[in-house]
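Each chain gets a letter, A, B and so on, in the order the sequences are listed, and its residues count up from 1. From a predicted model like this one, the values you see are computed outputs, not experimental measurements.
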Number of protein chains: 2
Amino acid sequence: MQHSIKNNFPNFSSELVATIEENGTEQSFEAGTILMRTGQYIKNTVLILKGKIKIYREGEDGGEFLMYYLQPGQACAISMICTAKSEKSQIMAKVVEDVTVMMIPLQLMDKWMMEHRSWYEFVIETYRSRFEEVLEVVDNIAFRSMDERLEFYLKRHSDACGCAEVKLSHQEIATELNTSREVVSRLLKKMEQRGLVKLNRNQIELLK
Amino acid sequence: MQHSIKNNFPNFSSELVATIEENGTEQSFEAGTILMRTGQYIKNTVLILKGKIKIYREGEDGGEFLMYYLQPGQACAISMICTAKSEKSQIMAKVVEDVTVMMIPLQLMDKWMMEHRSWYEFVIETYRSRFEEVLEVVDNIAFRSMDERLEFYLKRHSDACGCAEVKLSHQEIATELNTSREVVSRLLKKMEQRGLVKLNRNQIELLK
DNA sequence: ATTCTTCTGTGATAAATGTTACTGTAGGTT
DNA sequence: AACCTACAGTAACATTTATCACAGAAGAAT
């Protein structure tokens, strides 16, 4: 019940919730699963009920440039956007914490736009917030240097999990920022000297 | 007539065209006009009938980081996205070639989604294509070095205007790529030596 | 305890980009 | 012609980021 549609999407009307439960397919995936690849055609919209999915852009060299995370109560904007033409995905989606999702066939997603006001509003709000998030990413890489980007990255993480400890290795961070591990280590060390963080193995504690 | 809704938006149904002409306000703006600022509230959706609008992200130092251009037959996705909550704009919009636009109050834009299939499809397609464009921008700054970005930038420009000559000063290019003029000059010189371009005052000719 | 693997720290060096400072040139203005 | 201004070229240097090379530390596996 904790991972129901009703709980995670409180703005959905009760008819919409019923329709989703009737037509959607609940599925679970383990951490590490790639749900979507660049160039793949999209057949479903995904509503997240449990877990965490990472949306990123893949570089030629295997970089996994982080765009944003999807968490319970959210949906994949890309899959929604690609609706009409069942276009190719331009991004990668990877499960980072075991997830349970509700899969919705694209035709329905489109159909409901006309039938359910709360669905329409949810979709528009999803577009808006994701677009904004991507704009913020652009801001960061266009105008900020690596040390600022790293600080921002850590803050985002701790905000998302609601705790001050970010459990990631330097290598993972480097991959998501498309830089090298050494650079991350060095910058973190400087941050530690400035009293901003406390470093442990596989864990960074934000101090303010 | 050349700059009518009908001509520029051929997919709109005739009822929709009529509704737009009845409810929208046609307005013209000179090159240089700022149509939208970061932090400003949005009250209208804009359909472009003539001219060119630049959508960019402004840096603290006055950088004008180019996101994309809007041309006849297109609409501002940001304004559409901010509909529901009449949210603040996250970007800047500046007229670069005298434009004529059709202004549509946001309530109507929202209302028509339900009433006109061709409007709905247009809006969704606008979201999709702009999102993609921004993702491509991210790709470029995240994974490519300045020389590649410059080449890409020039190609985009010549594609957009349909001609091989890009009429911009090095300074303007530098501003849009958020780098310095000297860097642009250097890289362009190298490109000229590689036989990719021919440089003239205020004009760069692409050779292939 | 010993071995292995992964993670972290750090110096040395290279490459890319940004900054400063100056020169020359084309075109417009007086 | 003389002057002005915007634009373009380039050298020298600073800074940032990337890469290479290696060493030590933490934890897991045997």
Side-chain angles (χ1 to χ4, degrees), chain A residues 31-32 59-66 139-154 157 165-206, chain B residues 31-32 59-66 96 138-154 157 165-206:
Chain A
E60 283 140 7
D61 52 350
E64 301 192 353
F65 193 85
L66 177 66
D139 255 24
N140 275 304
I141 42 181
F143 298 122
R144 318 236 172 265
S145 53
M146 202 45 92
D147 52 352
E148 291 177 289
R149 287 174 54 197
L150 178 58
E151 282 189 45
F152 184 80
Y153 174 90
L154 294 175
H157 260 270
E165 290 84 34
V166 176
K167 291 190 198 319
L168 293 168
S169 72
H170 298 184
Q171 181 59 65
E172 290 176 288
I173 297 174
T175 303
E176 299 204 326
L177 292 173
N178 196 46
T179 179
S180 66
R181 190 212 33 99
E182 293 89 327
V183 171
V184 172
S185 287
R186 264 197 284 264
L187 293 176
L188 280 174
K189 211 64 200 167
K190 276 191 206 160
M191 287 178 70
E192 188 173 44
Q193 282 156 13
R194 286 196 290 148
L196 296 176
V197 295
K198 189 165 174 310
L199 301 179
N200 303 298
R201 192 187 172 84
N202 276 317
Q203 193 209 38
I204 298 156
E205 189 181 338
L206 302 208
Chain B
E60 284 139 6
D61 52 350
E64 301 193 352
F65 193 86
L66 177 66
V96 288
V138 171
D139 255 25
N140 275 304
I141 40 180
F143 298 122
R144 317 235 171 267
S145 53
M146 202 46 96
D147 53 352
E148 291 177 289
R149 288 174 54 197
L150 178 58
E151 283 188 43
F152 184 79
Y153 174 89
L154 294 175
H157 259 272
E165 289 85 34
V166 177
K167 293 193 199 312
L168 292 168
S169 72
H170 297 186
Q171 182 59 65
E172 290 176 288
I173 297 173
T175 303
E176 299 204 328
L177 292 174
N178 195 49
T179 180
S180 66
R181 182 200 55 84
E182 292 87 333
V183 171
V184 172
S185 288
R186 259 200 297 261
L187 294 176
L188 280 174
K189 211 64 200 168
K190 276 190 206 162
M191 287 178 68
E192 189 174 44
Q193 280 156 14
R194 286 196 290 147
L196 295 177
V197 295
K198 189 166 175 311
L199 301 179
N200 303 298
R201 192 187 174 83
N202 274 320
Q203 194 212 52
I204 298 157
E205 188 180 338
L206 302 206

Closest non-hydrogen atom pair, Arg144(B) against Arg149(B): O-CD, 3.8 Å
Touch class at under 4.0 angstrom, heavy-atom based, for Ser169(B) against every strand present: sugar-phosphate
Tell me: [atom1] of [X] to [atom2] of [N], nearest whole Å?
X	N	atom1	atom2	result
Ile204(B)	dG9(D)	CD1	P	9 Å
Arg201(B)	dT25(C)	CZ	C1'	7 Å
Arg149(B)	dA16(C)	CZ	P	15 Å
Leu187(A)	dT8(C)	CG	P	14 Å
Gln203(B)	dC7(D)	CD	P	15 Å
Asp147(A)	dT17(D)	CG	P	6 Å
Ile141(B)	dT17(D)	CD1	P	14 Å
Leu199(A)	dG24(D)	CG	P	20 Å

Phosphate OP1/OP2 of dG9(D): any His170(B) side-chain N/O under 4.0 Å: yes
Side-chain N or O of Thr179(A) closer than 4.0 Å to phosphate OP1/OP2 of dA18(D): yes
Pair Glu151(B) + Arg194(B), salt bridge at N-O below 4.0 Å: yes
Between CZ on residue Phe152(A) and CD1 on residue Ile141(A), distance to nearest 0.5 Å: 11.5 Å
Interatomic spacing from CD1 in Ile204(B) to CE in Met191(B) - rounded to 0.5 Å: 8.0 Å
Under-3.5 Å donor-acceptor pair between Arg186(A) side chain and dT19(D) base: yes
Residue mapping more 5' on DNA chain C - nearest nucleotide basis, Lys189(A) or Arg181(B): Lys189(A)
Upstream residue (5' side of DNA chain C) when Glu182(B) and Ser145(B) are each assigned their closest nucleotide: Ser145(B)
Validation row: Asn202(A), Lys167(A) side chains within 4.5 angstrom (heavy atoms): no
Closest to side chain of Asn202(A), choosing from dA16(C), dT25(C), dT8(C): dT8(C)
